[in-house]
Amino acid sequence: MIVMSIAGVDPSGGAGVFADLKTFQAIGVYGTGIVTALTAQNPYRFFSTSPVSPKYIEEQIDSVLDAYEVEFIKTGMLYSPEIIKLVAKKVNEYNLKAVVDPVMVATSGGDLTKEDLAKAMNKYLLPQAVLTTPNISEAEKLTDLKITNKEDAIKASELIKCNNIITGGHLDGINTINIDGEISIVKQELIKTDNLHGTGCNLSAAITAYLAKSNDLSTSILKSLDYVYEGIKNGNYGTLIAKI
Ligand code: PXL
């Protein structure tokens, strides 16, 4: 089983492509990584971003898919509407099943993107995605709703253009899952920590890996929530032996 991450590079290894590869490895699938942008950052401070050209992102994707059979991919930081459009084109061209983490802002507060990406996500990528995994602020941007409670989250999840989990790290641990229009709520205990960097990246990577291992969508989400919870508790991802 070969999966692919299309995302940015966080050199401190907690988020982005490097983190995704560790999570793929921990769950027992072979990971490939397409770089959309470099960043200079650590878990506490964001310095800058240097994007890769869409043409070179396309060349990376084509070179990997020329050799490897890939069914499931995840996308993370896509940086610009042009890159979102390109990735949507590739998903379509190669018939890829995409888990989309609609990254817009880093946990550390850095603006990862130069433009409002929500419009391009809604138009090009989400309509053909298997799942999207917004946090509260990303779900607000995708739907133009303000989310302050469970009812708001359910409303937003019904507006998002594909199956989704709205993660509850900023909503008392209330995760709202919408699969084929069926809503379920999974409440998790919140852990007191100063390092939540990369939680979203690792969640979507874990879901992708579990899907590649033939788990259904609901099972993949539940196992991945567990994986990320343990990662937060231990301050680390990928070094865990995941429940495969
Ligand atoms: O978790 C959002 C995110 C995604 N991708 C990259 C990041 C971050 C957060 O820092 O650095 C590359």
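Values below: every heavy atom of this structure, side chains too, minus hydrogens, waters and symmetry copies.
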[X] [atom1]: over 12 foreign heavy atoms closer than 6.0 Å:
X	atom1	answer
E151	CD	yes
K123	NZ	no
Y94	OH	yes

Exercise for the section: Can you spot which of L86, I83, V100 makes a side chain to side chain contact (heavy atoms under 4.5 Å, CB included) with L78? Expected result: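 Between L78 and the candidates, side chain to side chain contact (heavy atoms under 4.5 Å, CB included) is satisfied uniquely by I83.
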Are [X] and [Y] packed together at the side-chain level, in the sense that at least one heavy-atom pair is separated by less than 4.5 angstrom?
X	Y	result
I160	N178	no
L131	N163	yes
L38	P51	no
V29	Y210	no
I73	T208	no
P11	T39	yes
H197	D10	yes

Practice task
Could you walk me through whether E158 and K155 pass salt bridge (Lys or Arg N to Asp or Glu O under 4.0 Å), step by step?
Solution key: CA-CA 5 Å; E158 287 169 342; K155 239 182 269 163; over 6 Å; no
Are [X] and [Y] linked, directly or through other ILVMFWY residues, by side chains that come within less than 4.5 angstrom of each other?
X	Y	answer
I2	F18	yes
L65	Y56	yes
Y124	Y79	yes
I185	L145	no
L190	Y229	no

Exercise for the section: Measure the spacing between NZ of K187 and CG of D172 and express it to the nearest 0.5 Å. Expected result: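 One finds 5.5 Å between NZ of K187 and CG of D172.
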Practice task
Look only at the side chain of D20 and the backbone of I6, and say whether a donor-acceptor pair between them is shorter than 3.5 Å.
Solution key: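 No, because the side chain of D20 does not come within donor-acceptor range (under 3.5 Å) of the backbone of I6.
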Problem - Worked check of salt bridge (Lys or Arg N to Asp or Glu O under 4.0 Å) between E230 and K233 - result: CA-CA 5 Å; E230 292 299 322; K233 218 159 73 178; 3.8 Å; yes
Problem - Residue pair C201 / D101: nearest heavy atoms and the distance that separates them - result: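 Heavy-atom minimum between the residues: N-OD2, 3.7 Å.
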